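Some notes on the structure that comes next.
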Amino acid sequence: MSQHRRSSDFTKFRELFENSKRIVALTGAGVSAECGVPTFRGPGGFWRAYQATSLATPQAFAADPSLVWQFYEYRRQLVATKLPNNAHKTLAYIERQFEGSDRKLSIVTQNVDELHRRAGSKNVLEIHGRLFQIRCTKCHTVEDNTDNPIVPALANVSPIDNDETKNKKIKIEDLPHCKVPSCKALQRPHIVWFNESLDPQVLEEADRLLSECDMLLVIGTSSIVYPAAMFAPQVAARGVTVAEFNLEPTSASRTNGYFFEGPCGQTLPRALGVDENKL
Ligand code: BJW
Ligand code: ZN
């Protein structure tokens, strides 16, 4: 721990921030933690008896689409009851403040919860997909879908592990299916699972934003999932300031720059000089 600067100087950072024109915020599950959305690798990283990350794989979906749909539908229903917090709102506020100026803030998020959009951010690149989009496994048509429940069979999905939920197998025909009349195949969440490639256009856009930025804020991510884990070292290698906002330092703080320890709903507005009463 000694190689990490524990908590950085807000005043010095603010000066650098005021002089930055192209700012990218790379966000992860921690940015939504204060809304009550569980992170992947922290407390609540389990759903029923399963490690959440073990359900986010094409293998899990192929083996048991009913189980994986129950996991995603539970998360859709949970997120629908949550509101953006001060970290989401601070980023949206800064984006609005920059409108009409030569400064720009863009968000590159690993989160699928869409809370940045709901906070009003427009420059949002969701590199792992979106909870409220679904995709056909056959014709690959992507559909926006906020139906709650998504299908009657997935109403009131319980996160609790008990005899009933353990054995709850929803028939394939009762899971979401493609609306294209000639197709009607099984649909899946439009999410990037482990061992799946990110959309090349989305990756290209992330690369462009990262190569043009003159400041990177790394907020609430464990920085262990690739390709997002290489974004901070990539930007730091150009000598650009990287500032991490997290409860604990990650590999992103080992690069250069700043580390702000604590809940980002508090540290972010303070570091960016945003009056919380305006959010
Ligand atoms: C707070 C806070 C508060 C809490 N305030 N902070 C190179 C090397 C090794 C492996 C690979 C590699 N390249 C690719 C791989 C394989 C794999 C990978 O990275 N594996 C690693 C585990 C090693 N990557 C992939 O498969 C990716 N595909 C790919 O690269 O394709 C090409 C390829 C494939 C295979 C080999 C080589 C190349 C796809 C990754 C897709 C990730 N998908 C998931 C699930 C889907 C989304 C969903 O359902 O929601 O995305 S996994 C899960 O992890 C989710 C997250 O977006 C992602 C990142 O997690 P995140 O956001 O960082 O959350 P946590 O929980 O880990 O951390 C929370 C943090 O917040 C903590 O630090 C807390 O301290 C902090 N915190 N409260 C501030 N209040
Ligand atoms: Zn289809």
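We're numbering straight along the sequence, starting at 1. Please read all numbers here as calculations on a predicted model, not as lab measurements. Counting starts at 1 for both ligands and their atoms, in listed order.
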Query - Residue pair Asn145 / Glu143, side-chain donor-acceptor N/O under 3.5 Å - result: yes
**Report entry** Proximal protein heteroatoms (N, O or S) of the Zn ion (ligand 2), under 2.8 Å
**Finding:** Cys136 SG, Cys139 SG, Cys178 SG, Cys183 SG
Query - Backbone or side-chain N or O of Thr250 under 3.5 Å from ligand 1 N or O - result: no
Query raised in the report: Does any N/O atom on Cys264 come nearer than 3.5 Å to any N/O atom on ligand 1?
Result: yes
Report summary line: If we number the atoms of ligand 1 from 1 as shown, the ones under 4.0 Å from a heavy atom of Ser197 are 31 (O)
Requested in this report: Measure centre to centre between the rings of Phe13 and Phe260, then say whether the value is under 6.0 Å.
Outcome: yes
**Report entry** Non-neighbouring partners of Ser222 that pass side-chain hydrogen bond (donor to acceptor under 3.5 Å, both in side chains), sequence neighbours left out
**Finding:** none
Requested in this report: Nearest heavy atom to atom 44 (C) of ligand 1 wins, so pick from Thr27, Asp113, Val192, Val225.
Outcome: Val192
Query - Under the side-chain contact (heavy atoms from CB on, under 4.5 Å) test, residues paired with Ala56 that sit two or more places apart - result: Tyr72, Trp193
**Report entry** Pair Gln266-Asn86, side-chain donor/acceptor within less than 3.5 Å
**Finding:** no
Query raised in the report: Which atoms of ligand 1 have any heavy atom of Glu34 under 4.0 Å away?
Result: 3 (C), 5 (N), 80 (N)
Query - Candidate with minimal heavy-atom separation from atom 54 (O) of ligand 1, of Arg75, His128, Arg41 - result: Arg41
Report task. Check each of Phe40, Phe71, Tyr72 against atom 56 (C) of ligand 1 and report the one with the nearest heavy atom. Result -> Phe40
Requested in this report: Verify whether one side chain among Gln110 and Thr221 offers a donor that lies under 3.5 Å from an acceptor in the other.
Outcome: yes
**Report entry** Within reach of ligand 1, part of Asn246 (heavy-atom separation under 4.0 Å)
**Finding:** both
**Report entry** Minimum non-hydrogen distance to atom 9 (C) of ligand 1, winning option of Phe260, Tyr226, Trp193, Phe194
**Finding:** Tyr226
Query raised in the report: At a 4.0 Å threshold, what atoms of ligand 1 neighbour a non-hydrogen atom of Gly28?
Result: 62 (O)
Query raised in the report: NZ of Lys184 to NZ of Lys179: how many Å apart, nearest 0.5 Å?
Result: 11.5 Å
Query raised in the report: Is there side-chain contact between Leu154 and Ile170, with heavy atoms separated by less than 4.5 Å?
Result: yes
Requested in this report: Find all atoms of ligand 1 within a distance of less than 4.0 Å from any non-hydrogen atom belonging to Glu196, and give their numbers and elements.
Outcome: 27 (C), 28 (N), 29 (C), 31 (O), 39 (C)
Query raised in the report: Who's the nearest protein heavy-atom neighbour of atom 63 (O) of ligand 1, and how far?
Result: Thr221 OG1, 2.7 Å
Requested in this report: Please answer whether the main-chain N or O of Arg22 pairs with a side-chain N or O of Arg103 as donor and acceptor at a distance below 3.5 Å.
Outcome: no
Report task. Would you kindly specify which portion of Ile224 sits under 4.0 Å from ligand 1, judged on non-hydrogen atoms: side chain, backbone, both or neither? Result -> backbone
Query raised in the report: Looking at atom 45 (C) of ligand 1, what's its closest protein heavy atom, distance included?
Result: Ala56 CB, 3.6 Å
Report task. Would you mind running through ligand 1 and noting each atom that sits below 4.0 Å from a heavy atom of Gly220? Result -> 6 (N), 69 (C), 70 (C), 71 (O)
Report summary line: The protein heavy atom nearest to atom 64 (O) of ligand 1 is Ala29 CB, 3.5 Å
Report summary line: For Ala33, the atoms of ligand 1 under 4.0 Å from one of its heavy atoms are 78 (N)
Query raised in the report: ligand 1 and Asn195, any nitrogen or oxygen pair closer than 3.5 angstrom?
Result: yes
Query - Residue, atom name and distance, where the atom is the protein heavy atom closest to atom 59 (C) of ligand 1 - result: Gln110 OE1, 3.3 Å
Query raised in the report: Atom CG of Leu217 and atom CD of Glu244: how far apart are they, to the nearest 0.5 Å?
Result: 11.0 Å
Report summary line: Note: ligand 1 atoms sitting under 4.0 Å from heavy atoms of Ile191 are 46 (C), 47 (C), 49 (O)
**Report entry** Top protein contact for atom 2 (C) of ligand 1, by heavy-atom distance
**Finding:** Gly30 O, 3.5 Å
Using distance only, find each side-chain donor-acceptor pair of residues 28-36 under 3.5 Å and give its atom names and separation, not counting sequence neighbours.
unit_1 : atom_1 : unit_2 : atom_2 : d
Ser32  : OG     : His88  : NE2    : 3.2
Ser32  : OG     : Asp113 : OD2    : 2.6
Glu34  : OE1    : Gly265 : N      : 3.3
Glu34  : OE2    : Cys264 : N      : 3.2
Glu34  : OE2    : Gly265 : N      : 3.1

